[in-house]
Amino acid sequence: MGWFLLVPRPNHKQQSTPLSMSQVRVRFAPSPTGFFHIGSARTALFNWLYARHTGGVFILRVEDTDQARNSEEFLSLIYNSLRWLGLDWDEGPEAGGEFGPYRQSERAPVYAQFLERLKASGRTYEKDGALLFRISGEPQVIEDAIRGRVERTEEKDFVIVRSDGKPVFHFVNVVDDISMRVTHVIRGEDHLSNTSKHTELFKALGEPIPVYAHIPLILKQNGPGKMSKRDQGALVEEYQKRGFLPEALVNFLCLLGWSPKDDREKLPLAEIVRLFDLPGVNQSNARFDEKKLAHMNMVYLHEMVPERCFVLARDFLFARNFFPEGAPDEAYLREVIALCQPKVRAIEDLPGFIGYFFSDDFAIDPKAKEKVFAKGDPKGRLGELLTSIPTADFSSDAALEVLVQGLAAQHGAGTGDYIHPARLAVSGSGVGPSFYGLLRVLGRDRVAARIGRFLATA
RNA sequence: GCCCUCAUCGUCUAGCGGCUAGGACGGGGCCCUCUCAAGGCCCAAACAGGAGUUCGAUUCUCCUUGAGGGCACCA
């Protein structure tokens with residue numbers, strides 16, 4: 001890892017005119033042939049981070065030349081996911097820019113023009129109706145900003161235009177990077193072996209070679225191989241639908257192949273932007289760990305301001321049709337969410353956690369009931385509590401706590417002797433949010449009715 | 001098969017010649033106590049193997065092994 005101390009840092013300035021290359025220009029170039037997945041998201045993220053770190057330009061380029069497999073749905077999914085993650089692009093579709101168009105399907109004239117240049121160099125020839133590129137056969141050396149010197153010799157000529165007239169990936173990719181003035185190519189390591197094809201093309205066209213930075217791949221969490229869009233937990237859209245917090249997913253993704261080099265893990269994006277650099281990126285592949293993502297998501301959830309949590313939770317609950325009988329009172333919902341925010345690990349846990357706040361028709365958990373009735377006199381305690389409810393102060397948790405402590409002292413019992421049976425009576429569950437908050441939010445009427453019903457039926 | 005890349009706890013990582021090899025997730029235990037999927041504390045857990053270089057290697061070099069990727073008229 002010490003090579004970058006010896007070799008001057010990325011040397012694009014030596015390779016081109018300082019004026020045109022004075023600003024970093026990176027691109028993320030997805031092809032809309034399937035769902036947007038975690039690996040692509042991280043590649044986009046690292047490009048975005050580098051652009052923001054250097055004050056450069058982040059370009060979105062759509063590689064939609066595979067017409068048989070492309071779809072506009074997949075494309076808008078990419079846009080949506082990038083926006084959800086906060087990865088805004090400076091140039092590209094829906095953003096404009098002076099080096100467009102940014103969809104390859106609209107760039108045929110550019111490819112024709114560069115093809116003429118390549119033909120003029122005498123390095124192309126036709127075979128079976130396709131156009132081939134004649135390689136130099138010379139070793140291709142790149143100074144990868146992450147891996148250091150990598151050398152590889154391309155061994156055979158390759159097709160650059162199919163017999164149907166469509167140019168292939170290697171050619172259009174290089175042409176676009178040239179014409180969009182891309183200075184740094186940050187992409188997955190799966191492209192490392194392709195790079196020799198690309199440098200051959202850059203040289204044949206007499207163009208400067210960009211700085212390459214091949215980032216490690218994300219491996220699927222179970223089983224062999226890299227993560228693909230078919231793997232469990234691979235789709236960005238899925239996390240969005242499940243109510244994950246985008247800042248948590250971004251933070252987690254940053255830590256797959258990069259670290260701040262100290263023991264911090266949760267850090268603000270602005271801090272990551274400040275610290276991020278290519279030599280700090282790891283060289284080894286990382287295995288995706290959904291448990292750690294879930295933990296990161298929980299940490300962000302618990303630290304989030306309640307109002308934002310409310311908005312996210314409300315939208316999520318409505319999206320899941322959690323209120324089939326219509327919207328609940330907003331102030332009440334806000335209180336429920338605020339009460340439960342510290343107790344759930346994720347927004348998606350909410351539906352299973354808050355049902356009894358919105359319906360009196362909840363089941364009594366038999367296990368919890370067994371535990372409550374195992375000792376003491378739960379019904380007697382509930383009776384005492386019920387008697388005190390009409391005159392109780394439900395305006396604050398503290399007031400309710402005082403009430404229960406008073407009952408306990410008066411009857412020579414512990415607060416738990418009231419709390420556990422009462423929690424069961426009002427929620428049907430042995431677990432839940434802070435007890436006094438639970439009573440306060442449910443309110444006097446519900447609490448009294450539910451305890452009364454419990455005493456009558458349990 | 002050929003080529004390229006990588007290699008520290010189960011997982012994500014810190015470490016850039018001398019450390020009791022640190023942190024986090026997950027796992028186990030204890031505490032708190034109004035429950036808990038929350039919080040606090042503690043424990044187990046790693047330098048793949050072999051040769052070198054060096055006074056000294058997790059750290060540098062080579063080999064082996066393992067892992068990943070690439071070798072399309074897919075991108």
Side-chain angles (χ1 to χ4, degrees), chain A residues 1-5 29-34 63-66 68-70 104 127-132 144 146-148 150-156 158-170 172-173 188-197 214 216-219 221 224-226 252 255-266 282-296 298-299 301-302 340-346 349 352-353 368 371-372 401 404 414-424 427 429-439:
Chain A
M1 277 278 277
W3 64 270
F4 56 84
L5 298 174
S31 67
T33 55
E63 306 214 330
D64 54 350
T65 54
D66 186 352
R69 294 195 297 148
N70 281 323
Q104 289 185 334
K127 186 184 174 188
D128 298 336
L131 199 68
L132 286 275
D144 191 281
I146 293 170
R147 279 148 215 289
V150 179
E151 179 179 325
R152 191 182 120 84
T153 304
E154 197 59 34
E155 280 169 354
K156 43 180 214 247
F158 54 93
V159 172
I160 52 172
V161 182
R162 301 185 190 91
S163 48
D164 68 1
K166 292 275 168 28
V168 305
F169 165 75
H170 300 297
V172 298
N173 189 269
E189 199 225 53
D190 49 346
H191 285 292
L192 188 53
S193 294
N194 287 329
T195 307
S196 46
K197 287 189 180 70
H214 288 94
L217 301 181
I218 299 177
L219 271 25
Q221 51 184 345
K226 62 173 175 173
F252 170 78
L255 264 22
L256 244 38
W258 178 87
S259 85
K261 308 302 177 196
D262 52 36
D263 289 338
R264 287 179 296 169
E265 295 208 319
K266 177 180 184 289
N282 285 144
Q283 303 170 41
S284 48
N285 296 340
R287 201 167 287 277
F288 185 75
D289 183 358
E290 214 171 351
K291 290 247 181 69
K292 188 146 187 174
L293 203 205
H295 178 262
M296 184 67 79
M298 181 197 75
V299 172
L301 179 66
H302 289 174
C340 297
Q341 180 184 352
K343 304 301 291 186
V344 295
R345 291 176 59 86
D349 293 342
F353 199 80
K371 204 173 164 187
V372 161
E401 186 169 4
V404 172
T415 53
D417 296 328
Y418 295 88
I419 288 167
H420 300 301
R423 179 189 295 284
L424 184 67
S427 75
S429 173
V431 303
S434 158
F435 177 70
Y436 303 111
L438 172 65
L439 296 191

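Chain naming here is simple, since letters A, B, ... match the order of the sequence lines and numbering starts at 1 in each.
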Integer angstrom distance from the [atom1] of [N] to that of [M]:
{"N": "B:A24", "M": "B:A14", "atom1": "C1'", "result": "11 Å"}
{"N": "B:C47", "M": "B:C41", "atom1": "P", "result": "28 Å"}
{"N": "B:U53", "M": "B:U59", "atom1": "C1'", "result": "13 Å"}
{"N": "B:U11", "M": "B:C16", "atom1": "C1'", "result": "24 Å"}

Whether [X] contacts [N] is assessed here as follows: a side-chain N or O lying under 4.0 Å from the phosphate OP1 or OP2. Is that the case?
{"X": "A:Arg147", "N": "B:C6", "value": "no"}
{"X": "A:Thr415", "N": "B:C34", "value": "yes"}
{"X": "A:Asn282", "N": "B:A14", "value": "yes"}
{"X": "A:Lys156", "N": "B:G70", "value": "no"}
{"X": "A:Gln283", "N": "B:C6", "value": "yes"}
{"X": "A:Thr153", "N": "B:C3", "value": "no"}
{"X": "A:Lys261", "N": "B:A14", "value": "yes"}
{"X": "A:Asn285", "N": "B:U5", "value": "no"}

Just to be sure I understand the rule, does [X] reach a base, reach only the sugar-phosphate, or reach nothing, if contact means heavy atoms closer than 4.0 Å?
{"X": "A:Gly257", "result": "sugar-phosphate"}
{"X": "A:Glu151", "result": "sugar-phosphate"}
{"X": "A:His214", "result": "nothing"}
{"X": "A:Pro433", "result": "base"}
{"X": "A:Asp262", "result": "nothing"}
{"X": "A:Thr65", "result": "sugar-phosphate"}
{"X": "A:Asn194", "result": "base"}
{"X": "A:Gly225", "result": "sugar-phosphate"}
{"X": "A:Thr33", "result": "nothing"}
{"X": "A:Ala130", "result": "base"}
{"X": "A:Arg345", "result": "sugar-phosphate"}
{"X": "A:Lys226", "result": "sugar-phosphate"}

Backbone N or O of [Y] within a donor-acceptor pair of the [X] side chain at under 3.5 Å?
{"X": "A:Arg423", "Y": "A:Pro433", "value": "yes"}
{"X": "A:Asp262", "Y": "A:Arg264", "value": "yes"}
{"X": "A:Ser427", "Y": "A:Leu424", "value": "no"}
{"X": "A:Asn285", "Y": "A:Leu217", "value": "yes"}

Between A:Lys292 and A:Glu265, is a salt bridge (charged side-chain N to carboxylate O under 4.0 Å, His left out) present by the stated rule, with each step listed? CA-CA 11 Å; A:Lys292 188 146 187 174; A:Glu265 295 208 319; 3.1 Å; yes

Rounded to whole Å, how long is the line connecting atom [atom1] of [X] with atom [atom2] of [N]?
{"X": "A:Asp349", "N": "B:C36", "atom1": "CG", "atom2": "P", "answer": "17 Å"}
{"X": "A:Met296", "N": "B:G23", "atom1": "CE", "atom2": "C1'", "answer": "12 Å"}
{"X": "A:Arg287", "N": "B:G68", "atom1": "CZ", "atom2": "P", "answer": "7 Å"}
{"X": "A:His191", "N": "B:C4", "atom1": "NE2", "atom2": "C1'", "answer": "14 Å"}
{"X": "A:Ile160", "N": "B:A75", "atom1": "CD1", "atom2": "P", "answer": "14 Å"}
{"X": "A:Asp289", "N": "B:G26", "atom1": "CG", "atom2": "C1'", "answer": "7 Å"}
{"X": "A:Phe252", "N": "B:U13", "atom1": "CZ", "atom2": "C1'", "answer": "12 Å"}
{"X": "A:Glu155", "N": "B:C4", "atom1": "CD", "atom2": "P", "answer": "9 Å"}

For A:Asp64 and A:Gln104, work out which heavy atoms get closest and say how close.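 That closest heavy-atom pairing would be OD1-N, 3.1 Å.
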
With the side chain of [X] defined as its heavy atoms from C-beta on, choose the nearest nucleotide among [options].
{"X": "A:Glu189", "options": "B:U5, B:C12, B:C34", "result": "B:U5"}
{"X": "A:Ser259", "options": "B:U35, B:A14, B:A38", "result": "B:A14"}
{"X": "A:Val431", "options": "B:G70, B:G15, B:U35", "result": "B:U35"}
{"X": "A:Tyr436", "options": "B:C34, B:C3, B:C12", "result": "B:C34"}
{"X": "A:His295", "options": "B:G26, B:G22, B:A38", "result": "B:G26"}

Mind checking who [N] pairs with, Watson-Crick or G-U wobble, both distances under 3.5 Å?
{"N": "B:C32", "result": "none"}
{"N": "B:G66", "result": "B:C6"}
{"N": "B:G1", "result": "B:C71"}
{"N": "B:U20", "result": "none"}
{"N": "B:C60", "result": "B:G52"}

Side-chain donor/acceptor contact of [X] with base of [N] under 3.5 Å:
{"X": "A:Ser163", "N": "B:C73", "result": "yes"}
{"X": "A:Lys343", "N": "B:U35", "result": "yes"}
{"X": "A:Arg423", "N": "B:C34", "result": "yes"}

5′-ward residue of the pair A:Leu219/A:Glu265 relative to RNA chain B: A:Glu265

Both A:Val159 and A:Leu293 contact RNA chain B. Which one's nearest nucleotide lies toward the 5' end? A:Leu293

Looking at A:Arg152 and A:Glu154, is there a salt bridge between them, counting it only when a charged N and a carboxylate O are closer than 4.0 Å? yes

With side chains defined as the heavy atoms from C-beta onward, is the minimum distance between A:Arg345 and A:Leu301 less than 4.5 Å?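 In short, these two side chains do not touch, never coming nearer than 4.5 Å.
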
Hey, mind stepping through A:Phe169 and A:Phe158 against ring-ring contact (aromatic ring centres under 6.0 Å, His included) and telling me if it holds? CA-CA 11 Å; A:Phe169 165 75; A:Phe158 54 93; over 10 Å; no

